[in-house]
Number of protein chains: 2
Amino acid sequence: MYEGVVQDLIDELGRLPGVGPKSAQRIAFHVLASDPADVRRLAQTLIEVKDKVKFCIICGNVSEDTECRICRDPRRDPAVLCVVEEPKDIVAVERTREYRGRYHVLGGAISPIDGIGPDDLRVKELLTRLADGAIAEVIIATDPNLEGEATATYLARLMSPLGLAVTRLASGLPVGGDLEYADEVTLGRAFEGRRRLEL
Amino acid sequence: MYEGVVQDLIDELGRLPGVGPKSAQRIAFHVLASDPADVRRLAQTLIEVKDKVKFCIICGNVSEDTECRICRDPRRDPAVLCVVEEPKDIVAVERTREYRGRYHVLGGAISPIDGIGPDDLRVKELLTRLADGAIAEVIIATDPNLEGEATATYLARLMSPLGLAVTRLASGLPVGGDLEYADEVTLGRAFEGRRRLEL
């Protein structure tokens, strides 16, 4: 519809996740109207990110070095390991400031529908890390959905002979929410996981 | 939250229209997982679009040459001019295949709230194009909203001494829509603009 390179840009932008044809057009016209220096900086950052960012050889987190910031940090507890699906989940856990251990990124969750099995995830790498016995607890922090639960159950069974504590993040009512709006599965989990009040 | 350049990319992406922090993060991780050649092509297209694309000196449409494809086309009727707000509106009109005249892009609409007056639009350029008397009809195709209507009224008054036909696109019921779901303003316009059926 547009002349040459404008259409090329709309097509390229439309391939990004969550960017439909209308958004792609809108972004393209924003780019056309932007300061050339701003656009050049975006283009440069795109190239730089591909050049510089690798995945940490220990935990699988995104990193500019061979090992990520968290794996390099000597103040992090080496005896606790939190298993997550994606690097962005590490950011979510870090934001809580509750956790001082290390991480292991699986790179997804078991999903037979999408053809993703344990061999497609970083499960072998997880077992290698557990081999020397330095880790005492593994916290499974996969997503609280079907795939995440299946992955958690699979990992828990796999690790059971290793004699370490395997825990799962609690499910229950979101803080600040309304009980009447909670779905029945969440509310059921909240009952299941109820705790005695310490007075 | 992320290390260096990953956060830079999320920040840069978050500046694009319609891209919030969550989408920016999602796109950034998509970029990290993409083929480097694909990302390089996107970056290259961004730079190319700023290098190559200019605005047509006649109509204000986006163009890789001094004059756009439509202004250069000798088959387009030089006696009819369609006035639109943005280059993307030209694409919308072209898609109808109903119009064979030329265009004039205003670069927006009059909007006192946003501090946009007639001097911020390509109104002077429009009057210059009308000066030689070659244009017999001006079709005002600004958006059917408050700003577009105000702009249409302003332009119609400005052009009234020139003795040419000034028309406005019809407002009415969208084709394929349901009468009961039409808002009252649109339905009112549909009554106002009703036409005798030719039998």
Side-chain angles (χ1 to χ4, degrees), chain A residues 1-13 15-20 22-55 61-65 68-70 86-88 90-92 94-95 107, chain B residues 1-13 15-20 22-55 61-65 68-70 86-88 90-92 94-95 107:
Chain A
M1 260 305 169
Y2 290 93
E3 287 186 49
V5 74
V6 178
Q7 190 59 49
D8 291 347
L9 180 61
I10 294 174
D11 293 344
E12 289 291 337
L13 291 168
R15 285 191 197 105
L16 299 175
V19 179
K22 284 274 166 189
S23 321
Q25 184 181 292
R26 197 172 155 209
I27 295 174
F29 276 99
H30 170 87
V31 165
L32 281 169
S34 295
D35 189 333
D38 289 346
V39 178
R40 202 164 278 274
R41 207 174 52 238
L42 169 59
Q44 196 50 48
T45 312
L46 279 164
I47 290 171
E48 242 178 60
V49 105
K50 294 303 287 183
D51 284 350
K52 282 194 187 165
V53 179
K54 293 152 189 72
F55 292 93
N61 190 10
V62 290
S63 173
E64 292 186 24
D65 292 291
C68 77
R69 210 159 44 174
I70 294 169
E86 304 286 353
K88 54 179 173 269
I90 293 182
V91 176
E94 286 295 289
R95 245 188 305 240
Chain B
M1 260 305 169
Y2 290 92
E3 286 186 49
V5 74
V6 179
Q7 190 59 50
D8 291 349
L9 180 60
I10 293 174
D11 293 345
E12 289 292 337
L13 290 168
R15 284 192 196 103
L16 299 174
V19 180
K22 285 273 166 189
S23 321
Q25 183 182 292
R26 198 172 153 209
I27 296 174
F29 276 98
H30 170 88
V31 165
L32 280 170
S34 295
D35 189 332
D38 289 346
V39 177
R40 202 164 278 275
R41 207 173 52 238
L42 169 59
Q44 196 50 48
T45 311
L46 279 164
I47 290 171
E48 242 178 60
V49 104
K50 292 303 288 183
D51 283 351
K52 281 194 187 164
V53 179
K54 294 152 188 71
F55 292 93
N61 190 10
V62 290
S63 173
E64 291 186 25
D65 293 290
C68 78
R69 211 158 45 174
I70 294 169
E86 304 287 350
K88 54 179 173 271
I90 294 182
V91 176
E94 286 295 289
R95 246 189 304 242

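Both backbone and side-chain heavy atoms feed into the values below; hydrogens, waters and symmetry mates do not.
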Exercise. What distance do A:Arg41 atom CZ and B:Arg15 atom CZ have between them, rounded to the nearest 0.5 Å?
Worked result: 5.5 Å
Just give me the residue among [options] that pairs up with chain B most often, heavy atom to heavy atom, under 4.5 Å.
| options | answer |
| --- | --- |
| A:Val62, A:Ile47, A:Leu32 | A:Leu32 |
| A:Val19, A:Val53, A:Leu13 | A:Val53 |
| A:Glu48, A:Gln44, A:Arg69, A:Glu94 | A:Arg69 |

Ignoring hydrogens, what is the shortest heavy-atom contact between [X] and [Y]? Give both atom names and the distance.
| X | Y | value |
| --- | --- | --- |
| B:His30 | A:Pro17 | CG-CD, 3.3 Å |
| B:Arg40 | A:Asp51 | NH2-OD1, 3.5 Å |
| B:Val39 | A:Lys50 | CG1-CG, 3.6 Å |

Problem set entry | Donor-acceptor under 3.5 Å (B:Glu64 side chain, A:Val5 main chain) | yes
Exercise. Quick one: does B:Lys88's side chain have a donor or acceptor within less than 3.5 Å of a partner on A:Arg26's backbone?
Worked result: no
Problem set entry | Single hit among A:Val6, A:Leu9, A:Asp11 for side chain to side chain contact (heavy atoms under 4.5 Å, CB included) with B:Thr45 | A:Leu9
For this session: Among A:Val49, A:Asp38, A:Leu42, find the residue that satisfies the side chain to side chain contact (heavy atoms under 4.5 Å, CB included) test when tested with B:Glu12.
Result: A:Leu42
Problem set entry | Contact class of A:Lys52 relative to chain B, heavy atoms under 4.5 angstrom | side chain
Exercise. Of the backbone (N, CA, C, O) and the side chain (C-beta and beyond), which part of A:Ala28 lies under 4.5 Å from a heavy atom of chain B, both, or neither?
Worked result: neither
For this session: Among B:Ser34, B:Cys68, B:Ala43, single out the residue with the greatest number of heavy-atom pairs under 4.5 Å to chain A.
Result: B:Ala43
Exercise. Above 12 or not: heavy atoms from other molecules or residues under 6.0 Å from NZ of B:Lys22?
Worked result: no
